[in-house]
Each structure stands twice: as structure tokens, then as C-alpha cells.
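Note on naming: letters A, B, ... go to the chains in the order of the sequence lines (proteins, then strands), and numbering restarts at 1 for each one.
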Amino acid sequence: MLIPHPLLGLRDAQEFTYLGDAALLDRPDGLAADAEASFADYVYLRNNPAGVHRELWFHEHGDRSWLIVKRNTVTHEILGAELARDVALASRGEAQ
Amino acid sequence: MTRLAGGLIDRSQTLDFTFDGKSFKGHPGDTLASALLANGMRLVGRSFKYHRPRGVFAAGSEEPNAMVELRTGAWREPNTRATMVELFDGLEASSQNRLGSLRHDLLAVNDLFAPFFAAGFYYKTFMWPKAFWERLYEPMIRRAAGLGSLSMQPDPDTYDKGFLHCDLLVIGGGAAGLAAALTAARAGASVILADEDFRLGGRLNGESHSLDDMPATGWINSLEAEFASLPNLRIMRRTTVFGAFDHGIYGAVERVSDHLAAPGAGVRQTLWRITARRTVLAAGATERHVPFANNDRPGIMLAGAMRTFANRFASCPADRVAIFTNNDDGHRTALDLSAKGIEIAGVIDTRDGAKVFGSYPLFAGAAVTNARGRLGLKAIDVTVDGRTQTLRCGALGVSGGWNPNVHLASHHRGRPCWDNGLQAFLPGEDLPAGMIVAGAAKGEGTTHSALNSGASAALQALADLGLSASRPRLPQAEDAPTNLKPFWHVAGKGRAWVDFQNDVTVKDIKLAHLENMRPVEHLKRWTTLGMATDQGKTANVTALAVMAELTGKSIAETGTTIFRPPYTGVSLGVLGGGDTGKNFRPSRLTPTHQWASANGAVFTEAGQWMRAQYFPRVGETTWRETVDREVLATRSGVGICDVTTLGKVDVQGTDAAEFLDRIYANKMASLIPGRVRYGLMLREDGFAYDDGTCARLGEDHYVVTTTTAQAGPVYRHMEFARQCLWPELDVQLISTTDAWAQLAVAGPNSRRLLERIVDEFDLSNPAFPFMACAETTVCNGLRARIFRISFSGELAYELAVPARYGNALMERLIEIGADLGATPYGTEALGVMRIEKGHAAGNEINGQTTAQMLGLARMVAKGKDAIGAVMSRREGLAGDSRVLVGLQPVDPAEPVVPGSHLFSPGAAQTTANDLGWVTSACHSPNLRSSIGLGFLAGGGERMGEEIIAANPLQNQSVRLRVVSQHFVDPEGGRLRD
């Protein structure tokens, strides 16, 4: 597979380490009152769609960027990739 | 002898080879198959189940029958297709799957029991008694039914792997592939043309017709001359593209030196990973046969193959041959053979009113109904209008039409589609992205249409890439239709083979139909059709057609199976690409490796690292003796150990303290510059993840360490936290594991030793106490970091210098510390001392244990949101009573065995009574007994009690006493000095 790194262009998937669902970006607040329940969901519940999936890949043998890659799990078609940091910062902006 | 005139063989040279020990001669340009045929060898092998005599059936990679063991000794390779083996001088081959000689195979008795070996026989017969399967049935079946055998020696050859990128990959070097490569290469695109043959041209090499006014070989030669002048075109002969993978990546195997007499001299095969922006699949087509009774006799082969053997290889299986066909292409074989002086006994054409194209006997509206000649064809029965006559011939060419080679087109689960006009499966719509199919592979089978479809495909591919190209002038070529009329098999008594390699007959398909194994996937598995090493290249479509006939459905309704890589067999050796043994993975050497090696160290693998395990001295007879000495020397004098492999992460930024507070369970922001703190990381699920030290070198600068094993994962985890969880923090990370050589200098003399190398640095207790750190210089100006930390429990330091000075530093310390007893120690002594001191390591922090269990629960700070803190407080984790304890045998002579489980004395040793387990153990030279660490339920309340360590694997039960985990210096006086 080839992953379109937003900074480095097409890179071989072998340069990356896979983590999983990009929902891991949305870490609950550990000091909130309902922290235990929300962490149980965060740690153990994942969607596993047959189709488009947003997932985390780490460019371990590269520039050490975490990427969010949009991949169709049925066809392996890759629909895009973003720097996870940009996505996380953008979602901070929305939240405020 | 049946060597003909002409052909693409070099008669100026003669090659000697042997088959089953008998000597033969051939020429460069021959394959083993063509040379055997030219020597009159029709019988070359035995079939899989019935041990039927078999001969060469095809001329290319689809060959089902002519499989041989090639070469000898460790180089012996079973199941090698004789049609793909280029002849070389001294080649040695032997037939396989026989007991006794090839002509008198004792297992041919299987053929008499054929009724018992029909499809599904194993499934029904060998069901009981169950115990007989492994001991009797399976070994018996494996002996009786099989192919070649392995040498049982290590593979002596070397393999390589490589990576290629191109605009256009052209798979197949026949008419379509050549036209595609020419079109794209002339336009300046980077092009790879790969073909499994050793000669470009594909079927053109086997045909007699001309291109423009010259023989096809003349046109190929002129192309080759032009190709040589195009640096943007790479021709890869002897290269099979075996799989289409995601995003335009193709796997290919180049047989670099299989065709040489001594392949061991260089690389045997190379695995190529080709990344192509566009691909033209021009894989051609495979001829299909027409099953009839005893159609597997040696001498019966595909008509197109017979034509190839005659035109290209100047060989023929017999001097009198017949042709059985349902189309005009079969007649072409008769004409070509006739022109080469072969006598045509007749062309048996299933079509009523078939026309004759030359001077040979024609049987129109006829069928071949039987074949005679057990070890080689002698005659065939020809039936016309119910009347049968016997026709004498030594070979029969069979032509049932052509199947496009759609394999790679369906590697991404694309389903081939049936074309009623062509009576063939064509590549479907859902091709691998970027692939265009051309030539006979998509049903454009005449030379004229193949050439033009190849050029069109290249133009389309280049247009997709935004490259302009023009259609080259292509030669005039034959464009005659084959006028095929479907005819799938000859009905009648007697076994008619569909899949030669797995011995599947029309009867087996009928049986599958009766057993209701009608969907193609069931048909395939029930009969094993198409599941041999040839993957049914000459069988699958014919079998489908027979099943369609039986079910009364059309072929399109019957469906087809799809294909997976590899297209043809790939040896496991080349898939490894040479990465075996020492080269299986990279080795990382520590900075002091050279010194350790020169000083006789024994090394151990720690992940990719090679670490010094211990340093035996002359006279020491066991590793224990050496390790005991190293431990005692360290605890009484000073020991030095390379600890570079521990991961180091440099953390800088105005938010570095805040970041580390969230990464570690304990507080790090409160650490003052110049001090070190032990740190525990949790996973988000609350379990212990890793531990290490965290040194604050400055207000905005920390250096943290990880365990050796987790250096990569912890760094990845920290980057995840930095980039994905808290991108707003001003913090930067860099792994500096390889940048700094780090030596542990431990023991009561460690300070005195270091005082001899530091540059004006006060190492005294008040100035540089336990858990202090500093940046300074040593050895007259060498940049260094000193940490006063201790894994051994002694007064100890870790000294870091730029990695390239590590070896010299080790040498210097040992040299100037001789009078202080300076002793190098390895990972064994390191392990003994940490167990004696009661420090947790990988055995204790193994992903299944918690801060609570490690006795570190109070380190998990409240009031801050650190990773894993919330989940660590779950009832199930927080309430776990198992804690880390020390364990010592009641009888000092007895061992503590790691992995043993702990039980109360007298309790039944069952899971329900399990109280914990031993995690680490060693011999302690200080306590003069075996000692261990372990997790024990209610361990805190059991101090001094006896417990049983059970090791049922070795029927062992040892009485242990529960003690403090700190065997040596429990108050910590030594490390604080």
C-alpha cells in the first residue's frame, strides 16, 4: 500500500506503524466526574466499519508524524491523509 | 529422433544433459521439455494419484504434467516444470512420484484401484477409526500420492530483493506487450517490460506467419535493437509478475541464474517490488484441451504447444501426428507441422462441414473417442457418425480454444465475465486500479488485434498520466478468425482427464454433481480441481463447462472462481529475499561492542541489540562462575556495564514539565533541575506500561529513559500524546538512544574511579547526592552527562558521552580503575544485582501487572490527568491483592524456578487455589542460594511464611519462604552512601 503523506508525498505503508481508529484523538477529561465511564468507552469501544475508516498511522521509519488516513477497509482505497496534529488542533478550535 | 529443421536454437553448440541418469544432447535455446521431445522422450513423469504415465502437455508455464526434480544434492528442486527450464550444459533432472523406474512404477497399481480414489474418497473412507488417520492413513496417502521430494538440506542459494518504480509496467512480452512497451517507451515514459520467458515475443516465437514481409523473429530483433537504445525502458526477461497488490504495487520474481550451470556463484533469484503508476496486462492466453477417454497418454498435448515445439524448438514428439480441434487454429498446427516434414495422420474436427486448409486427411464432425499406448501414444479411435476407426499416430495435438490469462486482473477480487461470442472468460470491469488489459488476455487474439490493442492500451495509460504519445506504425499481421464452435468434452465410457496434475476426470465432476457439490467453489474443493501446483490453468474453464452441461445452466450462470497471487509457484527462499540466518533482521551493536568483543564477551540478543552477557576469564569453567565473580567484584569494588540500549528520549520545551506530568503516573513537574526521579508509565487501560528515570537537566529540558525492549513503543506513545492528544503544548521530542553511549559505573569504588576522569567536577555526596544529574565534561573536555542512579543498589553512576566515544571510555575506565578492581559486567550480572535489590524489570512489567501489584500504587498521583490514572483506579485493578515479594528456598540447595505458580502448603494445585507466580529468579552469590521475585496474593501479610512453588512441567514442588523483595541493603544505605 502507498500512503499519501501530506508533507512527504506517496510513501510505502511499510514505513508506517498502524494504530487504529482515529477516535483515539478524542481523549476524555480524566478529571471529570464521569471519567471512569467515559474512559471505559474510550479504551474499549471501537467502530470497525466495512467501508471508509479514519485511522491512525505513525510514520515510524520516516518523519515520525502521526497521520489520520482515510481508508476504505473493503477495497484498501486511500481517500486522503492529514497530520493528526492539525486535526487535533482544529477540533480544539471547534470546541472553544 | 524427432529434431526438425529451423527453429530458434543454436545448433553450433551442443549441450549435454541427463534425465533419470541417461545422457542426452540439446542446444542453447532449448527448454528441458523441447530437448526431451527432440530426443524422442514422450514419457517424462507419473501422475499424482493414479501414477499414470505422463508426457509434456504444454510449452509454457501452464504445464501440468512434465514436472521434474532439477539438479542434485542440496540444489535439488522438486516440481520444476520442464517447459520452463532453459537447457544448460550438465543439467541433471529426474522424474518424480514413482516407486521403481519411470517405465515400471510399482505404484501404478493405484490406477487399478481408481474407483476407490474418485473425488471425495478420502473424506468418506478415512473417517474412522479416528486414531488411524495420523498413524496410518495419512502417511500412506502421502507416500502413494505426491509430487517431488525436497532435498531436506538447507537452501544453498542466495537471493536478493529490489524495488523498482515506473510510469508503465507491461506484463507479458508477446505481440500486445511489445507494442505497448514500444508505444510508451518511444514517448519517453519510464517503462518496465517483464516476461516469464527467456526470449521476448511470446506466441510470436511459436508461429510461422510473417509480420509485414519478414518472419516475426525479424521484427522482434529489430525491436530489441531499438529497445537497447531507450534508457527509459527496462526489459526484464525470465521475470514472472506473480501478483497485483494494492496501489499499483506488483510482485515479480526474476530468475537471475537458474539457467546457468552453476547458480550458486551469484544471486539465484531476485524478488522485485514494482510500483507502477499504470499497468498493461498483456499476459496472453492459454489453450484449452478437450477431454476424451485416456486423453492423458504421453504424446497427447495442446496443439498450440505442438506448434511452438516445432517452430521455435525444432522438436516434435513423433513423426506422425494427428490433430483434434473445434476451431481453425488446430488446422494451423497441421499446416506448420506438415511444412516441417511431419506426417499428418489426420485432423479430427468436431465441426460439421469443417474445411480443409491443406493436403491432410480431414475428419469433419468427428471426435477422438479413445487413445491407445500406455507409455506413449500409438493410436487414437476416431468416431464419425457412430462409426469408429483407429488411426495410427505417435502424438496428438488438441485444440479446444483459448482462455485469456485473466489471473492478475482478478487479484483484487474482480470477477471474470463470460463472453458468449468468444466462448471465454474475459477480465471484468473491476480491475486493480491503474490496470488496462490488452491482447489475447482480453480476447484480442489475432496477431493484428493484439499488436493494436497493446498500442491502444499504452496510449490510454499515458493519456491518464498526462503524457502525450503517438501510435507507432505496426506491421501488417494475420487477422483470421478461429471460427470456434464450442465442444467441451467427448462423452463416453472410460476416464477422460480434465485436470491432469490433480488427476480429476469428467467422472469426478459428475460425481460432484451427484453429491450436490455444484457451486464452483464446492466443485473445486470436493474434487481438488485446479488446486495443484499449476492451479488448473489448463483445466478450470473446461471443468466449469462440464458442470454447466450437467446442471443444464449456461457457463455464465455457473460462474467461475477468481485468482489469488501467485500466478505461478514462487519459492519461499526468494520471498525471504535472502534475509535468513544472521540477516533475518538488522543487528544493533552497542558503542562498546568492539571492546567487549576483544575482551572475550559472550553476547546475547536483546531485541535487535547484541549485548555483552558476561565476560568469561581464563580458568572459569561455567557461566555461573563468571557471573558470580562479576557480581561480587561490583559489590566489593567497581563494575562497569554498557547500558546504552535503554531508550533515551530528549524532551524540551516550555511545556515539557506539564507534558511529562501527563505521561507519567507520578509527578514530574515538581522535579527540580539537576535531579532525577524514577518514573512509572501506565497504559490508558490502567496497567503498568514501562518504567525508567526522568532527569531534569534544565527548566525546559528533560531526558527520560525507557526499558530496552520498549524504547520504540514508548517513544511512539509519547509522540502520539504530543501530536494527537495535546498538540497545544510547547514540547519537542527526539529519540537519542543511539546518540549517547551510557555506562553504568557501580560499586563502592565508583566515585573514586569517576573522580579520575571528570574535569573539575565535585562528585562528593553533598555536592552530587543520590538522584542528582549534571552536564559536564570528562577526560579533558569530552562532553558528558552524569546521573547518580543505581539499578544494582550500590553507590553508582551512569555516565553518558557521545556514542562514538563509548568504546574509548570503556577502555579508559577499565585501564585506570585496575587498582580499584574495575570489572566489566554483562546483562547476567546486571540481572542478578537487580533481583538482589528487588527492582522490577520486564518480567514484572509485562503488560499484565499494575502499579498496585508492583507496590507503586501511591505513585499514581491524584489531582492530575495522567495517562492510565483513571482506569488504574478501577475496582478490579485497585483491589488486586497480589503484590511483588521476594522468595527464597527454605532449603538453600533448592532452586527457585521462574514461571512456577504459588500455592499454600497442602492446598490442591488447581487454578482456583493459585496465589501467584514467580517472575524472576537467579543464583545470588551474596545470599549463596537461589532467590526470586514473584507476585503473591496477600503477599504483604505473608512475610516469613512458607509457600509452595509448583512447576508441574517438571513435576517439581519447592518450599519457598516469603521475604522482602530487597535482598541486599533493604535500607538503601549503600546507594545513598
Sub-4.5 Å side-chain heavy-atom contact between B:His717 and A:Phe58: no

Options B:Phe245, B:Trp726, B:Phe720, ranked by heavy-atom pairs under 4.5 Å with chain A, top entry: B:Phe720

Between CZ on residue B:Arg722 and CH2 on residue A:Trp66, distance to nearest 0.5 Å: 12.5 Å

Part of B:Leu725 within contact of chain A (heavy atom distance under 4.5 Å): both

Atom group of B:Arg273 that falls short of 4.5 Å from chain A, counting heavy atoms: side chain

Any B:Phe163 side-chain heavy atom under 4.5 Å of A:Asp12 side chain: no

Non-hydrogen atoms of A:Pro28 and B:Asp865 that approach each other most closely: O-OD2, 4.2 Å

Part of A:Asp86 within contact of chain B (heavy atom distance under 4.5 Å): neither

Contact winner vs chain A - B:Arg874, B:His412, B:Arg413, heavy-atom pairs under 4.5 Å: B:Arg874

Distance in Å, A:His59 NE2 paired with B:Arg716 CZ, rounded so as to fall on 0.5 Å steps: 13.5 Å

Region of A:Glu60 in contact with chain B, defined by heavy-atom distances below 4.5 Å: side chain

Check: A:Arg64 main-chain N/O paired with B:Gln723 side-chain donor or acceptor under 3.5 Å: yes

Option in A:Ala35, A:Gly30, A:Ala22, A:Ala13 with maximal non-hydrogen atom pairs under 4.5 Å from chain B: A:Gly30

Which atoms of A:Leu24 approach chain B - backbone, side chain, both or neither, heavy atom under 4.5 Å: both

Residues in residues 39-51 of chain A near chain B [non-hydrogen atoms, under 4.5 Å]: A:Phe39, A:Ala40, A:Tyr42, A:Val43, A:Tyr44

Exam field: side chain B:His247 to backbone A:His76, donor-acceptor pair closer than 3.5 Å: yes

Leading residue by heavy atom contact count with chain A [cutoff under 4.5 Å; candidates B:Arg683, B:Arg873, B:Glu719]: B:Glu719

Heavy atoms of other groups near B:Lys667 NZ, more than 12 under 6.0 Å: no

Chain B contact via A:Leu19 - side chain, backbone, both or neither, heavy atoms under 4.5 Å: side chain

Side chain / backbone / both / neither for A:Thr75 at chain B, heavy atoms under 4.5 Å: backbone

